[in-house]
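See below for the structure under consideration.
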Amino acid sequence: MKMRYWCRKMIDVTLILAIIVLVYVSETFAQEQWKELNMIHYLSETQKLEGLYEMIAGFQEEYPGIEVNVEFASIENYEEILKLRIATGDAPDIIFGGVKAYSDLIVSGNIEDLTDKDFVERICPDVMKDVMVHEKIYGIALSRLANAVFYNKDIFRELNLDVPVTYREFIDTCERLEDAGYIACAAGYQDGISVGANFYTIFYGTPYLQCEDYVYELETGLKKAEEYPSLLKSLSQWREIMQHQNANQRVVNTDTAEQIFAAGEAGMLIIGTWGLGAVLGYNPQGNYGAFIFPSENQKEKNTIPTAAGDTWMVVKDAPNYHEAMAFCEYMTRPEVNAAWSGTVQEIGAVSKAETASLPQAIREIKEFLQEGKVSCYSARDTFSGEYFSAWGSTLLEFALTPDMTEEQFCEELNRRFAVIREGSMG
């Protein structure tokens with residue numbers, strides 16, 4: 001009896017050991033099956049790059065078998081590079097960029113539908129529409145962006161300046177800053193990002209809400225650019241504001257503008273929330289606040305532009321599909337998004353992501369968003385593909401050509417859009 005008992009015991013122990021070995025081998029085999037993950041982006045801000053590589057390091061700590069390869073491409077030719085890589089079968093697994101801005105890649109079937117993935121439920125509901133096309137989710141947003149005017153609180157206090165709440169007050173503030181020897185607004189138009197910094201802040205608030213169908217109408221030729229009074233007004237305001245920006249604005253880039261503001265040479269900086277991290281990097285002790293760009297001459301009519309930001313998409317039939325899904329799941333974890341937000345100093349786009357501390361200016365913007373006086377300009381149609389390129393390049397031409405009038409801008413935009421329409425029909 002005892003012999004039979006010990007035999008059974010030995011069999012049980014042998015089975016347990018076999019199971020342990022099997023689990024170990026299975027896990028080892030599974031790790032060996034992980035391959036690599038290839039990503040491409042156009043991020044240039046120091047804090048964004050730091051946040052990205054911190055996130056990748058955390059991911060690789062959890063998935064040591066995955067080698068992550070990161071490639072940078074300039075925003076000026078980013079879309080052309082993406083299309084070429086996809087067309088030649090050399091597509092990366094994950095690409096950076098707004099869902100609406102690159103919706104032509106989605107319509108052509110080149111981006112993975114993420115709607116049924118559990119991790120997308122972690123995204124804040126108020127940014128969900130920004131990553132959707134035809135009611136399906138195609139992107140993972142890490143940040144909720146807003147465009148505003150950052151200002152140096154110490155300079156404003158020194159000159160006894162109030163935060164302007166109307167457009168007339170804004171110009172008066174510019175003039176008072178200049179009278180005191182300061183640059184009113186820092187700017188640098190030698191890169192495409194500058195357009196998103198300045199014009200987007202000026203136009204995509206209340207002026208945009210007065211012509212929400214302009215994308216569809218301009219792309220289809222139903223209307224011409226000059227038929228939108230709010231667009232003309234924004235171009236006119238932008239041209240006037242340029243008179244109060246640094247004299248070398250057309251030969252320096254956005255990074256230089258951020259440095260000018262950080263150095264205390266300028267009282268204000270018109271930019272998206274993505275720019276504050278760089279400013280604080282140059283001057284960690286800077287005392288900055290934020291206010292809604294007052295496009296209107298009635299305070300209550302002003303709204304702040306907001307959109308999903310720092311968005312990533314997965315290429316359809318990605319070579320490393322499982323690795324891409326693992327990365328998407330990882331970056332939507334609340335603790336990971338909180339760490340990202342803390343590094344880049346922006347508002348996170350994942351629910352339950354609690355960032356320990358945000359700069360005062362970002363906290364002020366967060367309050368504006370909570371008040372609901374917002375313009376969610378990317379929730380509807382936005383220019384994509386060739387139209388997006390034409391829109392951006394025409395705006396940049398306007399910034400770099402001081403004698404280009406609002407009417408000439410409209411003529412050039414109409415011409416470029418007509419060429420695109422004709423090409424698509426041919």
Side-chain angles (χ1 to χ4, degrees), residues 44-48 145-159 161-165 167 169-178 180-205 234 237-238 240-295 302 304-306 309 344-347 358-365 368 399:
S44 59
E45 303 91 342
T46 302
Q47 79 282 3
K48 291 289 181 75
L145 304 183
N147 283 59
V149 183
F150 292 108
Y151 70 101
N152 187 311
K153 288 192 171 186
D154 294 334
I155 293 176
F156 269 54
R157 187 179 299 112
E158 171 198 335
L159 302 180
L161 294 174
D162 294 323
V163 170
V165 295
Y167 181 68
E169 288 180 7
F170 180 80
I171 295 301
D172 289 343
T173 300
C174 289
E175 293 171 351
R176 290 183 62 184
L177 284 164
E178 290 168 332
Y182 291 102
I183 298 168
C185 298
Y189 292 114
Q190 269 299 310
D191 55 33
I193 295 174
S194 63
V195 171
N198 288 269
F199 183 75
Y200 279 34
T201 307
I202 296 167
F203 174 66
Y204 280 114
S234 294
Q237 289 181 347
W238 191 18
E240 184 175 18
I241 291 168
M242 288 179 196
Q243 308 309 310
H244 300 286
Q245 294 177 321
N246 38 297
N248 63 343
Q249 61 188 263
R250 294 182 177 87
V251 296
V252 299
N253 59 17
T254 302
D255 184 62
T256 302
E258 293 166 342
Q259 293 180 47
I260 291 171
F261 180 62
E265 299 174 27
M268 297 182 289
L269 177 68
I270 302 173
I271 203 166
T273 47
W274 44 264
L276 185 63
V279 171
L280 289 170
Y282 293 122
N283 183 5
Q285 305 306 316
N287 184 17
Y288 306 118
F291 60 87
I292 298 173
F293 174 75
S295 61
N302 294 315
I304 186 168
T306 182
V344 303
Q345 299 288 272
E346 289 182 7
I347 303 167
L358 288 172
Q360 176 63 34
I362 298 297
R363 293 201 301 271
E364 291 173 5
I365 288 176
F368 297 145

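Closest approach of T273 to F150, counting heavy atoms only: CA-CZ, 4.0 Å. Of all heavy-atom pairs spanning T306 and L145, the tightest one is OG1-O, 2.8 Å. Scanning both residues, P294 and P164, for their nearest heavy atoms gives CG-O, 4.0 Å. The heavy-atom pair separating N152 from G264 by the smallest distance is ND2-CA, 4.3 Å. Taking all atoms of both residues into account, the shortest heavy-atom contact from G188 to A257 is N-CB, 3.7 Å.
At least one donor-acceptor pair closer than 3.5 Å links the side chain of E364 to the backbone N or O of A290. Side-chain N or O atoms of R176 include one that pairs as donor or acceptor with a backbone N or O of L159 at under 3.5 Å.
A side-chain donor from one of N246 and N248 sits under 3.5 Å from a side-chain acceptor of the other.
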(request) Would you check, one step at a time, whether the test side chain to side chain contact (heavy atoms under 4.5 Å, CB included) holds for Q285 with N283? (result) CA-CA 5 Å; Q285 305 306 316; N283 183 5; 3.9 Å; yes

(request) Evaluate the criterion side chain to side chain contact (heavy atoms under 4.5 Å, CB included) for residue pair V163 and V149; output intermediate values, then yes/no. (result) CA-CA 10 Å; V163 170; V149 183; over 6 Å; no

(request) For the pair F261 and I270, evaluate side chain to side chain contact (heavy atoms under 4.5 Å, CB included) and give the outcome as yes or no after the intermediate values. (result) CA-CA 10 Å; F261 180 62; I270 302 173; over 6 Å; no

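Two residues are said to be in side-chain contact when any heavy atoms from C-beta on lie closer than 4.5 Å; C185 and C174 meet this criterion. The side-chain heavy atoms of T254 and I271, taken from C-beta on, include a pair separated by under 4.5 Å.
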Which donor-acceptor pairs under 3.5 Å do the side chains of residues 194-203 make with protein atoms, sequence neighbours left out?
from	atom 1	to	atom 2	distance (Å)
S194	OG	D191	O	2.6
N198	OD1	Y189	OH	3.4
N198	OD1	Q245	NE2	3.0
N198	ND2	S194	O	3.2
T201	OG1	N147	ND2	3.0
T201	OG1	A197	O	2.5

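Residue M268 holds its CE atom at 5.5 Å from CG of L177, rounded to the nearest 0.5 Å. Distance check, rounded to the nearest 0.5 Å: OG1 of T256 to CD of Q190 gives 10.0 Å. Here the NZ atom belonging to K48 is positioned 8.0 Å from the CH2 atom belonging to W274, to the nearest 0.5 angstrom. With rounding to the nearest 0.5 Å, the separation of CZ in F156 from OH in Y288 is 13.0 Å. Taken to the nearest 0.5 Å, the CG atom of N287 stands 4.5 Å off from the CG atom of D154. With rounding to the nearest 0.5 angstrom, the CD1 atom of I193 is 8.5 Å from the CG atom of N253.
Q47 pairs in a side chain to side chain contact (heavy atoms under 4.5 Å, CB included) with only one of the listed residues (V279, V344, L276), which is V344.
Between F293 and F170, the angle of the ring planes goes over 60°, which puts this pair in the perpendicular group of the 30/60° scheme.
Remark: Q345 pairs with L280, P359 by the side-chain contact (heavy atoms from CB on, under 4.5 Å) rule, at least two apart or across chains.
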